[in-house]
Amino acid sequence: MFIAQELRKKNIAEYLLYMWQVEDTIRAFDCSLTRIKREYIERFDLSEEQKEEEIDWYGNLIRMMNQEGCREKGHLQINKVTLQMLIELHSQLLQSSKFPFYNTEYYKVLPFIVELRNRGANKEENEIETCFNSLYGVMLLRLQKKELSPDTAHAVKEISTFIGMLSDYYRKDKEEGLKFE
């Protein structure tokens, strides 16, 4: 919860990837709050009050996963909404002539997005979702200590730069408001 709060303020892309990881962590513990408390939360150096807050947070997420039917797979509505906000911002940035660097970066990563989408099961997936799915997949590979091919590493670096730029625009829009006209 504490990491999520900080990431949400600083970097919405990292926040979303973190929340996807939290969903998978909950699934790894069979959506059992008792197991998460005993086998996961207890490993962290938290005060008793912080542990209780963390337990409440995980409990709420488990309840939402049960209610929303994503115990086995899929994402919580709160995470879908976050992704949708990024998709909408992406569209606004592309349609505006005021963000040429964003447009340049987008067209630089577009071939990677197209290739990834063609490899994936869902050919209708939004471009931003394709980027997040690829970044999350690479994150999982790195956690498993698996090597990336040079081509994949290059694609991920470009996609990371692009999503980082989108995340920066998101923060700027929330703090100051972007002018799209």
Side-chain angles (χ1 to χ4, degrees), residues 1-29 31 36 40-41 43-44 46 53-54 57-62 64-65 68-94 102 105-106 108-110 112-117 119-122 124-149 151-175:
M1 175 184 87
F2 304 106
I3 295 169
Q5 288 173 336
E6 282 304 304
L7 287 176
R8 186 158 182 93
K9 289 181 215 167
K10 292 180 182 174
N11 188 318
I12 196 69
E14 287 181 14
Y15 164 79
L16 187 57
L17 292 169
Y18 176 77
M19 289 303 295
W20 285 5
Q21 186 178 15
V22 167
E23 291 170 339
D24 281 345
T25 299
I26 290 170
R27 290 182 189 111
F29 290 102
C31 296
I36 290 171
Y40 188 67
I41 295 173
R43 297 187 326 192
F44 299 107
L46 300 172
E53 287 180 52
E54 200 79 356
W57 186 66
Y58 274 97
N60 285 330
L61 291 174
I62 291 168
M64 288 189 291
M65 288 174 75
E68 295 174 22
C70 54
R71 279 180 65 99
E72 307 292 323
K73 63 180 169 83
H75 299 296
L76 287 166
Q77 193 62 36
I78 56 172
N79 296 330
K80 289 178 184 177
V81 167
T82 300
L83 180 62
Q84 188 58 42
M85 288 188 304
L86 289 168
I87 289 168
E88 289 168 9
L89 177 60
H90 165 72
S91 179
Q92 289 175 307
L93 290 166
L94 285 182
Y102 185 82
E105 196 61 37
Y106 168 69
K108 190 174 172 184
V109 300
L110 187 57
F112 301 119
I113 295 169
V114 170
E115 184 178 339
L116 287 165
R117 193 183 295 157
R119 285 188 202 167
N122 186 357
E124 301 302 312
E125 183 177 77
N126 179 278
E127 296 162 330
I128 299 303
E129 190 171 359
T130 299
C131 290
F132 274 95
N133 282 330
S134 67
L135 292 174
Y136 188 70
V138 167
M139 186 176 86
L140 293 178
L141 289 174
R142 287 183 174 146
L143 286 171
Q144 297 168 17
K145 305 212 182 317
K146 293 188 178 173
E147 291 291 317
L148 299 178
S149 72
D151 287 346
T152 300
H154 175 70
V156 167
K157 183 177 182 287
E158 296 297 333
I159 290 170
S160 293
T161 300
F162 171 64
I163 292 299
M165 186 179 276
L166 177 60
S167 185
D168 289 345
Y169 278 122
Y170 177 88
R171 189 179 74 240
K172 186 172 182 165
D173 189 40
K174 291 295 172 208
E175 291 173 358

Smallest separation among heavy atoms of Ile159 and Val109, with atom names: N-CG1, 4.0 Å
Using only atom types and a distance under 3.5 Å, with no angle test, would you say the side chain of Thr82 pairs donor to acceptor with the backbone of Ile78? yes
For Leu17 and Met139, which heavy atoms make the closest approach, and how far apart are they? O-CE, 4.1 Å
Does Glu68 reach the main-chain N or O of Gln77 with its side chain, forming a donor-acceptor pair under 3.5 Å? yes
Tell me the closest heavy-atom pair linking Asn79 and Leu16, and the distance in Å. O-CD1, 3.6 Å
Do Ile36 and Ile62 come close enough that some side-chain heavy atom pair is under 4.5 Å? yes
Can you find a heavy atom in the side chain of Met64 that is under 4.5 Å from one in the side chain of Leu61? yes
Nearest 0.5 angstrom please: Met19 CE to Leu76 CG, how far? 6.5 Å
Angle between ring planes, Phe112 versus His154, binned at 30° and 60°: parallel, tilted or perpendicular? perpendicular
Scanning both residues in full, the closest heavy-atom pair of Ser167 with Ala13 reads OG-N, 3.5 Å
Residues pairing under salt bridge (charged side-chain N to carboxylate O under 4.0 Å, His left out) where one sits in residues 127-143, two or more places apart or in two chains, turn out to be none
Do Tyr58 and Glu54 have side chains that approach each other closer than 4.5 Å (heavy atoms only, starting at C-beta)? yes
Write out all pairs satisfying salt bridge (charged side-chain N to carboxylate O under 4.0 Å, His left out) with one or both partners inside residues 13-25, taking only residues at least two apart or from two chains. Asp24-Arg27
Between His90 and Tyr169, a side-chain donor and acceptor under 3.5 Å: no
Of all residues at least two apart in sequence or in a different chain, which pass the salt bridge (Lys or Arg N to Asp or Glu O under 4.0 Å) check with Glu147? none
Pairwise salt bridge (charged side-chain N to carboxylate O under 4.0 Å, His left out) hits with a residue in residues 151-167, at least two apart: Lys108-Glu158
Closer than 3.5 angstrom, by distance alone: can the side chain of Arg171 be matched with the main-chain N or O of Ile12 as a donor-acceptor pair? no
Cut-off 3.5 Å, side chains only: do Glu88 and Gln92 have a donor facing an acceptor? no
Qualifying residues under ring-ring contact (aromatic ring centres under 6.0 Å, His included), relative to Phe29, sequence neighbours excluded: Tyr40
Smallest heavy-atom separation, Gly74 atom then Cys70 atom, equals C-CB, 4.1 Å
Considering residues at least two apart in sequence or located in another chain, which fulfil the salt bridge (Lys or Arg N to Asp or Glu O under 4.0 Å) criterion with Glu115? Arg119
Can you tell me how far CG of Leu89 sits from CG of Leu94, rounded to the nearest 0.5 angstrom? 9.5 Å
Tightest non-hydrogen contact, residues Ala4 and Tyr15, listed as O-CD1, 3.3 Å
Side-chain contact, heavy-atom cut-off 4.5 Å: Ser134 with Val156? no
Go through Phe132 and Leu86 one step at a time and tell me if the side chain to side chain contact (heavy atoms under 4.5 Å, CB included) criterion holds. CA-CA 11 Å; Phe132 274 95; Leu86 289 168; 3.7 Å; yes
